[in-house]
Amino acid sequence: MPRLNLKKAAYLQRHLAGKVITVDDFNKPVRYVGGVDVAYKRRVGIGVATLLEYDSMRLVEYKHYITEVDVPYVPTFLAFREIPPMVGAIERLEKKPDIVLVDAHGLVHPRGLGAASHIGVVLDIPTIGVAKSPLVGKVDEDGYIVYKGRRVGYKLGPRLYVSIGHRVSLETAIEIVKNTLRNSVPEPTRLAHIYANKVKKEMDKES
DNA sequence: GCGACAG
DNA sequence: ATCTTGTCGC
Ligand SMILES: [Mg+2]
């Protein structure tokens, strides 16, 4: 059942954390921004990836990927639960996003590898972590999330925490997320969340 | 050792 | 995140 060896999982996270790139390394100017989220129906995960035009925040396309999820949710190990459905959905996109917003933390993590960074390193794509609640660290007077003496993220709102995922600097990540806001909520992940739940409800009718 | 703890 | 319908209010 719980196929998750926390000992090995933590080791893998520390290993991959060393591969996280914290400087801008993506196509500029950004044309397409992606967003990913996952909804669940029992043990079935429904991952959704959206792709929007950066300048207009208009949805261009979105795809979903359904897969069985046997890994339980364990704080700081979220990636092992959500990466499969998220990756499946991202790979189904016809166009490729220049950077992807992930509904989770990136560098704001005990071992420096939240799900947003984990996905970025594994797929080698630029990512940004956009979480709705804190995980670690303290917010200083300027809004930066400080953890172990390092500025790992930024609190953009009461329910919005931004952090480096992969191949992007914190300042650039903050700027990009700001440009995707609609009523204080990142549009790419907001839509991914909505579509994931829509697919889920379709499944409810049947089973 | 105790408590916190993304989604 | 999920379980779960209707209902109050703009
Ligand atoms: Mg989510």
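Hydrogens, waters and symmetry mates play no part in the numbers below; they use all other heavy atoms, side chains included. Here is the naming used below: chain letters follow the sequence lines, and residue numbers restart at 1 for every chain.
More than 12 heavy atoms of other shown residues, nucleotides or ligands fall within 6.0 angstrom of atom OH in Tyr32(A).
Between Tyr40(A) and Glu82(A), the side chains place a donor N or O and an acceptor N or O closer than 3.5 Å (distance only, hydrogens not considered). Between Thr189(A) and Asp37(A), the side chains place no donor N or O within less than 3.5 Å of an acceptor N or O (distance only, hydrogens not considered).
Going from atom CD1 of Ile128(A) over to atom OG1 of Thr180(A) covers 8.0 Å, rounded to the nearest 0.5 Å.
A nucleotide of DNA chain B counts as in contact with chain A when one of its atoms lies under 4.0 Å from a heavy atom; the first and last such, 5' to 3', are dC5(B) to dG7(B).
The existence of a salt bridge linking Arg190(A) and Glu187(A) is confirmed by a sub-4.0 Å separation between a basic side-chain nitrogen and an acidic carboxylate oxygen. Lys63(A) has a carboxylate O that lies under 4.0 Å from a charged side-chain N of Glu94(A), or vice versa, which qualifies the two as a salt bridge.
Using a 4.0 Å heavy-atom cutoff across all strands shown, Thr76(A) reaches at least one base atom of the nucleic acid. If you check every strand for non-hydrogen atoms under 4.0 Å, Ala39(A) touches sugar and phosphate atoms only.
Considering only heavy atoms from C-beta on, Val108(A) comes within 4.5 Å of Val136(A) through its side chain.
Rounded to a whole Å, the CZ atom of Arg43(A) is 19 Å from the P atom of dA1(C).
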Original post:
Just the dot-bracket of DNA chain B, please: which string comes out with Watson-Crick or G-U pairs under 3.5 Å, [ ] for crossing, | for another strand?
Top reply: .......
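Tyr11(A) does not carry Lys7(A) over the face of its six-membered ring by the limits of under 6.0 Å from the centre and within 45° of the normal.
Residue Lys200(A) has no polar side-chain atom (N or O) positioned under 4.0 Å from OP1 or OP2 of dA1(C).
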